[in-house]
Amino acid sequence: MSNPTSRPARKAVIPVAGMGTRFLPATKAVPKELLPVVDRPALQYIVEEAARAGLPEVLMVTGRNKAAIEDFFDRTPELEAALEKKGDAGRLAAVQESTDVAQVHFVRQGEARGLGHAVLQAAAFVGDEPFAVLLGDDLIDARDHLLEQMLAVQAEHGGSVIALLDVGMENIDKYGAVAIDPASSGGDVVAVTGLVEKPPVAEAPSSLAIIGRYVLAPEIFDVLRETAPGRGNEIQLTDALATLVERGEPVHGVVFGGRRYDTGDKLDYLKAVIRLAAERDDLGPSLRGWLREFVTELPAEGASPS
Ligand code: UTP
């Protein structure tokens with residue numbers, strides 16, 4: 001059993017091998033993780049988050065049609081030389097930052113057989129220590145220190161830690177849902193007593209949904225090897241975590257109250273772009289002015305736009 005004295009997590013795994021069907025047709029040729037949020041791919045924010053949390057060793061689990069991701073995190077000597085020649089220091093720094101932020105490694109999933117299967121591809125890279133998983137389409141605002149808090153909870157309690165968001169009962173059937181020990185409810189750290197992937201609303205154990213950050217004990221790999229395909233015929237990480245709980249391994253949840261965007265979902269993606277751009281020093285003033293005007297001109301819901 002993992003215990004609080006085991007080594008703290010040092011490595012991050014980012015699965016990016018999913019098909020991105022919700023964002024078709026854009027994702028026919030562009031991985032959804034590279035869709036720009038203002039001027040950077042969603043994935044760059046996520047790699048930066050891992051580095052900020054003290055996890056500079058990153059493994060991306062990629063698949064077919066995802067070669068552009070490897071290119072993005074590679075050096076671009078010709079582009080850098082051209083920017084240097086032009087004296088464009090600002091853009092040169094932006095280009096270099098995107099590759100220098102972390103040591104990025106890649107492994108292929110081969111076939112998109114589910115998030116659990118994607119995580120299993122990281123077993124050799126991770127070895128026998130706890131590790132973080134950050135979903136490549138789940139953006140957490142840089143001002144909210146969710147991953148840091150999860151790493152601290154894992155260091156204190158051992159076992160595994162998952163990020164939770166109260167999405168309301170009416171939305172829980174789109175997520176993995178958890179049951180928690182009532183004695184631990186109320187605070188933002190809860191003891192998880194059960195997990196189920198996308199339950200019907202009437203059967204959901206709570207309105208707490210699993211979102212895309214995990215700090216996992218290495219025991220998850222043995223469990224994943226034995227986990228049969230579940231919901232959607234995919235090997236589900238939620239099912240493997242449920243097995244860990246059944247075996248008495250500690251699984252804690254950190255209930256998140258900050259800003260989070262699912263950039264694989266069209267509406268959430270648009271919200272992320274608008275909000276982050278509106279808060280930037282360079283774009284914010286002009287965008288906010290335009291947004292105010294735009295909103296006053298919006299027709300009432302149901303009326304046809306002019
Ligand atoms: P999603 O279910 O959001 O990804 O998986 P998806 O399947 O690409 O999305 P849609 O529903 O078809 O639009 C969450 C994360 O897990 C990765 C995805 O890339 C995403 O970052 N994933 C999912 C894998 O790496 N492999 C898989 O087999 C499935």
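Indexing begins at 1, ligand by ligand and atom by atom, following the structure's order.
- Ionic pairing of Arg143 and Glu279 is present here: one or more N-O contacts between side-chain nitrogen and carboxylate oxygen are shorter than 4.0 angstrom.
- Counting only N and O atoms by type, the side chains of Asp166 and Ser207 include a donor and acceptor under 3.5 Å apart.
- In terms of polar-atom proximity, defined here as any N/O pair under 3.5 Å, Asp137 does make such a contact with ligand 1.
- In the vicinity of Ala118, heavy-atom distances shorter than 4.0 Å reach the ligand 1 atoms 24 (C), 25 (O), 26 (N).
- Proximity of Val16 to ligand 1, defined as any heavy-atom pair under 4.0 Å, is confined to the backbone N, CA, C and O atoms.
- For atom 9 (O) of ligand 1, the closest non-hydrogen atom on the protein side is Lys32 NZ, 3.0 Å.
- Remark: minimum distance from atom 23 (C) of ligand 1 to any protein heavy atom is reached at Gly18 CA, 3.8 Å.
- His252 and Gln154 share no side-chain donor-acceptor pair at under 3.5 Å.
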Fill in: Evaluation steps, side-chain contact (heavy atoms from CB on, under 4.5 Å), between Leu135 and Leu115
CA-CA 9 Å; Leu135 297 194; Leu115 177 58; 3.6 Å; yes
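- By the 4.5 Å heavy-atom criterion applied to side chains, Lys271 and Asp268 are counted as neighbours.
- For atom 28 (O) of ligand 1, the closest non-hydrogen atom of the protein is Gly114 N, 2.7 Å.
- Ionic pairing of Asp262 and Lys174 is not present here: no N-O contact between side-chain nitrogen and carboxylate oxygen is shorter than 4.0 angstrom.
- Residue Gly20 places at least one N or O, backbone or side chain, under 3.5 Å from an N or O of ligand 1.
- Contacts with ligand 1 closer than 4.0 Å are made by side-chain heavy atoms of Gln109 only, the backbone lying farther away.
- Protein heavy atom nearest atom 14 (C) of ligand 1, with residue, atom name and distance: Leu135 CD1, 3.8 Å.
- For atom 12 (O) of ligand 1, the nearest non-hydrogen atom of the protein is Thr21 OG1, 2.5 Å.
- Here Pro15 has heavy atoms under 4.0 Å from ligand 1 in both its backbone and its side chain.
- Looking only at heavy atoms of the protein, atom 25 (O) of ligand 1 is closest to Ala17 N, 2.9 Å.
- For Gly264, the closest heavy-atom approach to ligand 1 does not fall below 4.0 Å.
- Proximity of Arg113 to ligand 1 is established by a heavy-atom distance of less than 4.0 Å.
- Residues Glu49 and Arg213 are paired through a salt bridge, judged by an N-O separation under 4.0 Å between the basic side chain and the carboxylate.
- For ligand 1, the atoms sitting less than 4.0 Å from at least one non-hydrogen atom of Ala112 are 28 (O), numbered in the order shown with element in parentheses.
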N/O donor-acceptor pairs under 3.5 Å from side chains in residues 122-134, not counting sequence neighbours:
unit_1	atom_1	unit_2	atom_2	d
Glu129	OE1	Arg10	NE	3.1
Glu129	OE1	Arg10	NH2	3.1
Glu129	OE2	Arg7	NH2	3.3
Glu129	OE2	Arg10	NH2	2.8

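- Remark: atom 19 (O) of ligand 1 lies closer than 4.0 Å to at least one protein heavy atom.
- The shortest N or O to N or O distance between Leu115 and ligand 1 is not below 3.5 Å.
- Between Glu234 and Lys198 no salt bridge is recorded (no basic side-chain N to carboxylate O distance below 4.0 Å).
- Heavy atoms of Arg22 found under 4.0 angstrom from ligand 1 belong to the backbone as well as the side chain.
- When hydrogens are left out, the protein atom nearest atom 7 (O) of ligand 1 is Met19 N, 3.9 Å; that is the closest non-hydrogen contact.
- No more than 12 heavy atoms of other residues, nucleotides or ligands sit less than 6.0 Å from atom CE of Met19.
- For Glu33, the closest heavy-atom approach to ligand 1 falls below 4.0 Å.
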Discussion item. Working note: Asp39 + Leu283, criterion side-chain contact (heavy atoms from CB on, under 4.5 Å); need CA distance, chi angles, decisive distance, verdict.
Written reply: CA-CA 11 Å; Asp39 53 7; Leu283 298 165; 5.7 Å; no
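- The main-chain N or O of Val16 is found under 3.5 Å from a side-chain atom of Lys66 such that the two form a donor-acceptor pair.
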